[in-house]
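Only one structure is covered here, and it is reproduced in the block below.
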Amino acid sequence: MDLALLAVELLGTFAFAVSGALLAARKGFDVVGSLLLASMAGLGGGVTRDIIIGEGPPAAFLQPIYLAPVLVAVILVLTGLLHETRLRRTLLVFDAVGLSLFCLTGTVIAFNAGLNEIACVLLGVTTAVGGGAMRDVVANETPQIFNPRGVYAVPAMFGAGLIVIVLSLELPLIWAGLVVSCLVFTLRMISLKRGWRVPLAGRRSSGSAAA
């Protein structure tokens, strides 16, 4: 893997791992639980991506360096250097950082593996939302991707689509990737602040509402 891409992967892993460790602290888990939840959040999306691509064991299992961001995240939360604010926004900020970085790396890795454009976008989104979904399910939380308050998968899909265009046009990926990641992060945070939401799947019947 290209060193720049690996660096972005590790940064995204750290951001998601922090969100997992913060959620573990909020839930009152012990250190082992924090490590497991941080690992699931930080590595889950990338492992899912690599399994789908099917080019050998996932990178997280081949390169021990992927565990370093997880350990650092857990230690920072354990020592209180990173903690939730009164508004509980810290977890969501780190989650948004991971989302913005992983939609980039997931799309690039899928493109380099020779997948078509649609598959690249879908795998970029899967990489971006996979770890967070695993984190929330295990912690008995409503996954952010299903939370009606604040769009989640849409910014990742938007970013993955832009990256596919950049790669197809052979534009400089480093600067374009930085811009796209910033756009995805900004869109996610604005959606949280303003309560943006995507349309519901259908109208609820009066009987369902009463229930």
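- Listed by chain and residue number, V166, L169 satisfy the side chain to side chain contact (heavy atoms under 4.5 Å, CB included) test with L171 (two or more places apart in sequence, or in another chain).
- To the nearest 0.5 angstrom, Q144 atom CD is 10.0 Å from L99 atom CG.
- With sequence neighbours excluded, the residues forming a side-chain hydrogen bond (donor to acceptor under 3.5 Å, both in side chains) with T105 are E9, listed by chain and number.
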Could you go through residues 112-124 and list every donor-acceptor pair under 3.5 Å that involves a side-chain atom there, pairing it with any protein atom two or more places apart or in another chain?
from	atom 1	to	atom 2	distance (Å)
N112	ND2	V108	O	3.4
N116	OD1	I118	N	3.1
N116	OD1	A119	N	2.8

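- Between M189 and L192, the closest side-chain pair of non-hydrogen atoms falls below 4.5 Å.
- Rounded to the nearest 0.5 Å, atoms OG (S39) and CE (M134) are 12.0 Å apart.
- In this structure, the side chain to side chain contact (heavy atoms under 4.5 Å, CB included) partners of I51, at least two apart in sequence or on a different chain, are V47, P58.
- Considering all non-hydrogen atoms of both residues, A21 and V74 come closest at CB-CA, 4.2 Å.
- Legend: salt bridge (Lys or Arg N to Asp or Glu O under 4.0 Å) pairs involving residues 156-166, not counting sequence neighbours: none detected.
- For L71, the CG atom counts as densely surrounded, since its 6.0 Å shell holds more than 12 non-hydrogen atoms of other residues, nucleotides or ligands.
- For residues 10-46, the pairs satisfying ring pair (Phe, Tyr, Trp, His ring centres under 6.0 Å) are F16-F102, with sequence neighbours left out.
- Residue pairs meeting the side chain to side chain donor-acceptor pair (under 3.5 Å) criterion with at least one partner in residues 119-141, sequence neighbours excluded, are S19-R135, K27-E141, D95-R135.
- With sequence neighbours excluded, the residues that form a side chain to side chain contact (heavy atoms under 4.5 Å, CB included) with I190 are T186, R194, W196.
- Considering only heavy atoms from C-beta on, R188 stays 4.5 Å or farther from V184 through its side chain.
- For residues 105-160, no residue pair satisfies the ring pair (Phe, Tyr, Trp, His ring centres under 6.0 Å) rule, not counting sequence neighbours.
- Atoms CG and CD1, on D2 and I174 in that order, are 7.5 Å from each other to the nearest 0.5 Å.
- Applying the salt bridge (Lys or Arg N to Asp or Glu O under 4.0 Å) definition to pairs two or more places apart or across chains, none involves residues 61-78.
- The list of side chain to side chain donor-acceptor pair (under 3.5 Å) pairs with a residue in residues 156-179, not counting sequence neighbours, is empty.
- Here L76 contributes atom CG and L81 contributes atom CG; the two are 5.5 Å apart, rounded to the nearest 0.5 Å.
- Hydrophobic side-chain contacts under 4.5 Å tie V154 into a cluster, directly or through other members, with V151, V198.
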